[in-house]
Novice: 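Quick one: the structure is below, questions incoming.
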Amino acid sequence: MRINIRSKWEIEAIRRSCIIVKDVLNLLYELLQPGVKTKELDSKAEEYIMRSGGKPAFKGYKGFPATICVSINNELVHGIPDSRRVINEGDLVSIDVGVEMGGYYGDAAVTYAVGEVGDNIVKLMRAGQKSLMKAIENAKVGGCLYDISASIEEIAKSEGYSVAIEYTGHGIGTALHEPPSVPNYGVRGTGPKLKKGMVLAIEPMIIDGSNNLVVANDGWTVYTEDGSMCVHYEHTVAITEEGADILTDGIIWH
Ligand code: MG
């Protein structure tokens with residue numbers, strides 16, 4: 001497994017794409033109200049990315065038909081925006097955005113509750129956020145790749161949740177997905193040594209129930225078979241001597 005090492009200059013190029021990703025997510029947060037259609041969110045995202053000089057990284061990727069992924073309630077990832085799909089009060093909505101600019105990629109995701117939701121949902125969201133931040137703390141020079149993975153799994157399991165097995169984080173840079181895979185489970189002290197200049201998209205996917213997943217008939221939308229609610233948080237981070245540099249930093253969480 002060859003993991004790319006990025007120069008300072010390249011990391012800044014990746015950061016420029018990541019800043020657009022962050023801005024899109026914060027724009028969509030403002031627009032995420034009951035009654036909005038997921039396709040409207042997609043159109044706004046595409047418009048913003050194009051105006052910023054970037055390109056939607058997901059559109060056309062293995063045939064994915066849209067700019068963003070919008071996954072609602074028991075949908076975990078890869079939901080396709082649709083002009084008939086309406087966001088309702090109480091929905092748990094994950095949005096994933098990828099941008100390419102000048103040949104460099106950024107990728108991030110966040111899960112929002114729309115309006116009032118139960119304490120169980122708030123607890124699930126907090127666990128997702130906490131696991132991502134813990135994972136990022138473990139993305140350090142001298143550590144091992146699966147320290148990141150283990151920290152996600154440990155937090156999820158300690159709070160009674162499961163993690164997705166089939167879907168993982170990834171290296172990112174001059175392609176949307178590069179080696180290595182960054183699983184949401186693993187054994188501390190194993191995996192490739194982490195080095196300065198590695199850039200990773202770390203993305204906990206945490207489920208309040210069984211992690212049996214199904215792909216819908218649309219060929220993309222991944223949902224929990226038993227209907228369990230789930231969250232997805234993702235940052236693109238660069239490993240530096242001073243610790244992980246969160247290139248998509250500044251995304252509104254709530
Ligand atoms: Mg990703």
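Start at 1 and go down the list; that is how both ligands and their atoms are numbered. Numbers here are sequence positions counted from 1.
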Novice: Distance check below 2.8 Å: does E203 bring an N, O or S atom to the Mg ion (ligand 1)?
Specialist: yes
Novice: Where the side chain of T236 meets the backbone of L247, is there a donor-acceptor pair that is under 3.5 Å apart?
Specialist: no
Novice: Of all the N, O or S atoms in E234, which has the shortest distance to the Mg ion (ligand 1)?
Specialist: OE2
Novice: Run the salt-bridge test on E75 and R85 with the 4.0 Å N-O cut-off and return the result as yes or no.
Specialist: yes
Novice: Do I172 and I136 share a hydrophobic cluster, counting only Ile, Leu, Val, Met, Phe, Trp and Tyr and linking them when any side-chain heavy atoms are less than 4.5 Å apart?
Specialist: no
Novice: For the backbone of N88 and the side chain of D91, can you confirm whether one donor and one acceptor N or O come within less than 3.5 Å of each other?
Specialist: yes
Novice: In D107, which N, O or S atom comes closest to the Mg ion (ligand 1)?
Specialist: OD2
Novice: So does H170 have any N/O/S atom less than 2.8 Å away from the Mg ion (ligand 1)?
Specialist: yes
